[in-house]
Amino acid sequence: MRTLSHIGIPSTEKLEGMAYIEALKVHITDHAASPNKLEFLYFEPDSPMHPLIQSRAHVAYNVEDINAALEGTKVLLPALDCGNMIIAFIEEEGVAIELIELK
């Protein structure tokens, strides 16, 4: 079962207070601080993130088992351990979907 986490929106500039995720070469805002659950992302030019993730908004869902949620999907970014969560990106209906398993 999926539960909405946030909406991610690519940004053309770094915004104040963004956190940097070195492995993905992306700067992100804290969606928990947004009343609309918005996360803005600024990608470094050499970010390994899929072009679909970098160019269009994505929808993010919390899932209980990320491996089960990835079965039979078109994976854009395989499961990646980010400390307190595991994330992955898939493509559905031409849109990037982020899956998040909280630890």
Side-chain angles (χ1 to χ4, degrees):
M1 179 174 169
R2 296 179 180 178
T3 305
L4 181 66
S5 171
H6 65 272
I7 306 296
I9 303 171
S11 175
T12 58
E13 59 187 50
K14 291 180 197 173
L15 304 173
E16 186 175 329
M18 284 184 146
Y20 184 62
I21 302 173
E22 188 171 352
L24 300 175
K25 298 187 179 183
V26 63
H27 303 260
I28 62 170
T29 60
D30 181 5
H31 68 272
S34 166
N36 294 301
K37 297 185 177 187
L38 299 179
E39 172 190 74
F40 292 92
L41 303 95
Y42 173 81
F43 298 92
E44 294 292 334
D46 57 344
S47 172
M49 300 289 278
H50 190 278
L52 184 60
I53 302 165
Q54 293 189 44
S55 63
R56 298 181 62 192
H58 71 267
V59 180
Y61 295 101
N62 292 324
V63 297
E64 290 185 24
D65 182 344
I66 201 158
N67 292 321
L70 288 172
E71 287 181 22
T73 65
K74 180 178 179 182
V75 176
L76 301 177
L77 179 75
L80 177 68
D81 192 327
C82 294
N84 61 343
M85 68 182 78
I86 301 169
I87 67 165
F89 280 85
I90 62 173
E91 181 183 341
E92 290 182 348
E93 299 182 75
V95 176
I97 305 292
E98 181 178 8
L99 302 174
I100 304 166
E101 178 183 324
L102 301 173
K103 291 183 182 178

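We count residues from 1, following the sequence as given.
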Next item on the list: Answer whether the closest heavy-atom distance between the side chains of Ser5 and His31 falls below 4.5 Å.
Entry: yes
Check: What pairs meet the side-chain hydrogen bond (donor to acceptor under 3.5 Å, both in side chains) rule with one or both residues in residues 60-77, with sequence neighbours excluded?
Finding: Lys74-Glu91
Checklist line | Minimum heavy-atom distance Ile90-Leu99, with the two atoms named | finding: CD1-CD1, 4.0 Å
Item checked: Ile66 with Leu102, same ILVMFWY side-chain cluster at under 4.5 Å -> no
Check: Is Val26 reachable from Val95 through a run of hydrophobic residues whose side-chain heavy atoms are each under 4.5 Å from the next?
Finding: no
Note to self: Between Leu15 and Leu41, is there shared hydrophobic-cluster membership here, with clusters defined by ILVMFWY side-chain heavy atoms closer than 4.5 Å?
What the structure shows: no
Notebook entry, point to check: Given the rule that I, L, V, M, F, W and Y join up when any side-chain heavy atoms are under 4.5 Å apart, are Met49 and Leu80 in one cluster?
Noted result: yes
Checklist line | For Ile53 against Pro10, the heavy-atom pair lying closest together | finding: O-CG, 3.8 Å
Note to self: Please find the pair of heavy atoms, one from Ile100 and one from Ala60, that lie closest to each other, and give the distance.
What the structure shows: CD1-CB, 4.1 Å
Checklist line | Glu101 and Arg2 ion-paired at < 4.0 Å | finding: no
Next item on the list: For Thr29 and Phe40, indicate whether the former's side chain and the latter's backbone hold a donor-acceptor pair under 3.5 Å.
Entry: yes
Notebook entry, point to check: Short question: side chain of Ser47, backbone of Leu24 - any donor-acceptor pair under 3.5 Å?
Noted result: yes
Margin query: Can you confirm whether Asp30 sits close enough to Met18 that some side-chain heavy atom of one is under 4.5 Å from a side-chain heavy atom of the other?
Written below: no
Checklist line | side-chain contact (heavy atoms from CB on, under 4.5 Å) evaluation trace for Ile7 with His58 | finding: CA-CA 6 Å; Ile7 306 296; His58 71 267; over 6 Å; no
Margin query: Under the criterion side-chain contact (heavy atoms from CB on, under 4.5 Å), I'd like the reasoning laid out for Glu13 against His27: C-alpha separation, chi angles, the key distance, then a yes or no.
Written below: CA-CA 10 Å; Glu13 59 187 50; His27 303 260; over 6 Å; no
Check: For Ala88 and Pro78, which heavy atoms make the closest approach, and how far apart are they?
Finding: CB-C, 4.0 Å
Check: Any chance the rings of His50 and Phe89 have centres within less than 6.0 Å?
Finding: no
Checklist line | NZ on Lys103 to CG on Asn84, rounded to 0.5 Å | finding: 8.0 Å
Item checked: For Lys25, side-chain hydrogen bond (donor to acceptor under 3.5 Å, both in side chains) partners two or more places apart -> Asp46
Next item on the list: Please identify each residue that fulfils side chain to side chain contact (heavy atoms under 4.5 Å, CB included) with Lys37, with sequence neighbours left out.
Entry: His6
Check: Given side chains that start at C-beta, do those of Glu44 and Lys14 come closer than 4.5 Å, heavy atoms only?
Finding: yes
Margin query: Side-chain heavy atoms nearer than 4.5 Å, only ILVMFWY residues, links allowed to pass through others: does that put Ile86 and Leu4 together?
Written below: yes
Note to self: For Glu92 and Ile97: C-alpha separation, side-chain torsions, deciding distance, then whether side-chain contact (heavy atoms from CB on, under 4.5 Å) applies.
What the structure shows: CA-CA 7 Å; Glu92 290 182 348; Ile97 305 292; 4.1 Å; yes
